[in-house]
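Data first, discussion second: the structure below is written as structure tokens.
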Amino acid sequence: MEWIVLIIVGLIAGTFGSLLGLGGGIIVVPALLILSTTLGVLAGITPQVAVGTSLLIMIFTGLSSTLAYMKQGKVDYKSGLLFFCGSGPGALVGVWLNRFLEVEPFMIYFGIFMIIVSAVLFIRPYLKPRPLSEKGMKYTYIDELGKERVYGYRPILAIMIAFFVGMLSGLFGIGGGSLMVPAMIILFHFPPHMAVATSMFMILLSALTSSISHIVLGNVNWLYALALIPGAYIGGIAGAAINRRLSGNALLLALRIFLIIAAIRLIYQGMSGA
């Protein structure tokens, strides 16, 4: 029964991660830490193992969802590779910083971070894109009404933002899409569906980089990973399919509620040691 719970966690994380371009780590890491008090198989799990295992899982979520988005023609490969130039090194810095975190402080920091992410997801629909800079790289696309739209970015700014996102990914075991997707939409004028798809492509590359580092450091529990991977892979495909058909507003609301509840629980555990 305990292993079935982990499969379900992987499925939920993969679905939400792929649907919203988050990667899924924002669900896997707090789930592992919170469930460690009730599931015997997770007893004594450290932040490093939770993060390292989460990043390994995101390879499969990123792979399945990226393949699905590739078939839909929504992935901007050039932009994804450019963002990875920042997120890749950033992820390695995050892995290095993760080594110094202990359980209770990690729970508190991660809980606070989850509240911030929830706030970002809440205000994202109400934020209007900033005027597009005249400098930098520009691309065009045809929207659902057949009208030509333009998006673009200054490479240096894009790499700097991606570096920060990658560092948080390596530190907390998240995909980074919770921050990268809003930045792509608001600052760079990406179409929302393309932003999600390109974010998952970048997350796949970043997860490969940071998970290898965590494997070398011995921060991956392979039994947990084997239980989480099937659900995460299937969830990645399911999330991409749902993204194609729905706006995802109802699921986004559910995710916000989950993040706030889980954040409060993590902060309580971290402060009380319970």
Side-chain angles (χ1 to χ4, degrees), residues 13-14 16-29 51 54-55 58-59 61-63 65-66 69 74-95 110 113-114 116-125 127 129-130 132-133 136-137 139 151-211 236 239-240 243 248 252 255-256 259:
F16 274 109
S18 176
L19 173 65
L20 302 172
L22 305 179
I26 195 72
I27 294 176
V28 172
V29 174
V51 168
S54 171
L55 288 166
M58 278 193 293
I59 293 176
T61 302
L63 177 62
S65 56
T66 296
Y69 284 126
K74 293 179 179 177
V75 181
D76 183 337
Y77 302 103
K78 290 182 179 179
S79 296
L81 289 171
L82 179 71
F83 298 156
F84 176 65
C85 290
S87 67
L92 296 178
V93 173
V95 170
F110 198 96
F113 177 74
M114 288 175 68
I116 294 173
V117 169
S118 180
V120 170
L121 292 176
F122 179 79
I123 66 175
R124 191 179 83 180
L127 295 176
R130 296 183 59 186
L132 192 63
S133 173
M137 304 170 70
Y139 304 94
Y151 68 96
Y153 45 82
R154 300 179 70 172
I156 294 178
L157 175 62
I159 290 174
M160 289 174 61
I161 292 174
F163 178 88
F164 177 71
V165 168
M167 184 178 67
L168 292 177
S169 175
L171 177 62
F172 289 126
I174 64 169
S178 52
L179 299 176
M180 196 66 196
V181 171
M184 292 165 70
I185 295 173
I186 297 166
L187 299 178
F188 306 149
H189 290 236
F190 269 72
H193 291 299
M194 184 181 291
V196 169
T198 305
S199 172
M200 291 307 301
F201 175 56
M202 183 197 75
I203 286 170
L204 169 62
L205 300 177
S206 296
L208 279 167
T209 302
S210 50
S211 63
N243 179 281
L252 188 58
L255 178 62
R256 292 179 198 137
L259 290 178

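Computed from a predicted structure; not experimentally measured.
Applying the side-chain contact (heavy atoms from CB on, under 4.5 Å) rule to Ala13 yields the partners Ile27, Val28; only residues at least two apart in sequence or on another chain are considered. Applying the side-chain hydrogen bond (donor to acceptor under 3.5 Å, both in side chains) rule to Ser79 yields the partners Asp76, Tyr153; only residues at least two apart in sequence or on another chain are considered. Remark: Met167 engages Val93, Leu97, Phe164 in a side-chain contact (heavy atoms from CB on, under 4.5 Å) (not counting sequence neighbours).
With rounding to the nearest 0.5 Å, the separation of CG in Leu208 from CE in Met58 is 10.5 Å. Rounding to the nearest 0.5 Å gives a distance of 12.5 Å between CD1 of Ile159 and CZ of Arg154. The OG1 atom of Thr66 sits 12.0 Å away from the CD1 atom of Ile59 when rounded to the nearest 0.5 Å. Atom CG in Leu171 sits 11.0 Å away from atom OG in Ser210 (nearest 0.5 Å).
Between Leu205 and Leu81, the closest side-chain pair of non-hydrogen atoms falls below 4.5 Å. Side-chain contact between Val196 and Phe190: absent, with no pair of heavy atoms (C-beta onward) separated by less than 4.5 Å. You'll find the side chain of Ile161 reaches within 4.5 Å of the side chain of Phe188, heavy atoms only. Looking at heavy atoms from C-beta onward, Leu92 lies in side-chain contact with Thr209 at the 4.5 angstrom threshold. Looking at heavy atoms from C-beta onward, Phe201 lies in side-chain contact with Tyr77 at the 4.5 angstrom threshold. With a 4.5 Å cut-off on side-chain heavy atoms, Leu168 and Phe113 count as touching.
The heavy-atom pair separating Ser87 from Ser206 by the smallest distance is OG-OG, 2.7 Å. Here the shortest heavy-atom pairing between Val51 and Gly170 reads CG1-O, 3.6 Å. In plain terms, the two heavy atoms of Ala195 and Val181 that are nearest each other are O-CG2, 4.1 Å. Residues Met202 and Phe84 approach most closely at CG-N, 4.2 Å, considering heavy atoms. Nearest heavy-atom pair, Ser65 versus Met200, reported as atom, atom and distance to 0.1 Å: OG-CE, 3.1 Å. Of all heavy-atom pairs spanning Met137 and Leu82, the tightest one is SD-CD2, 4.3 Å.
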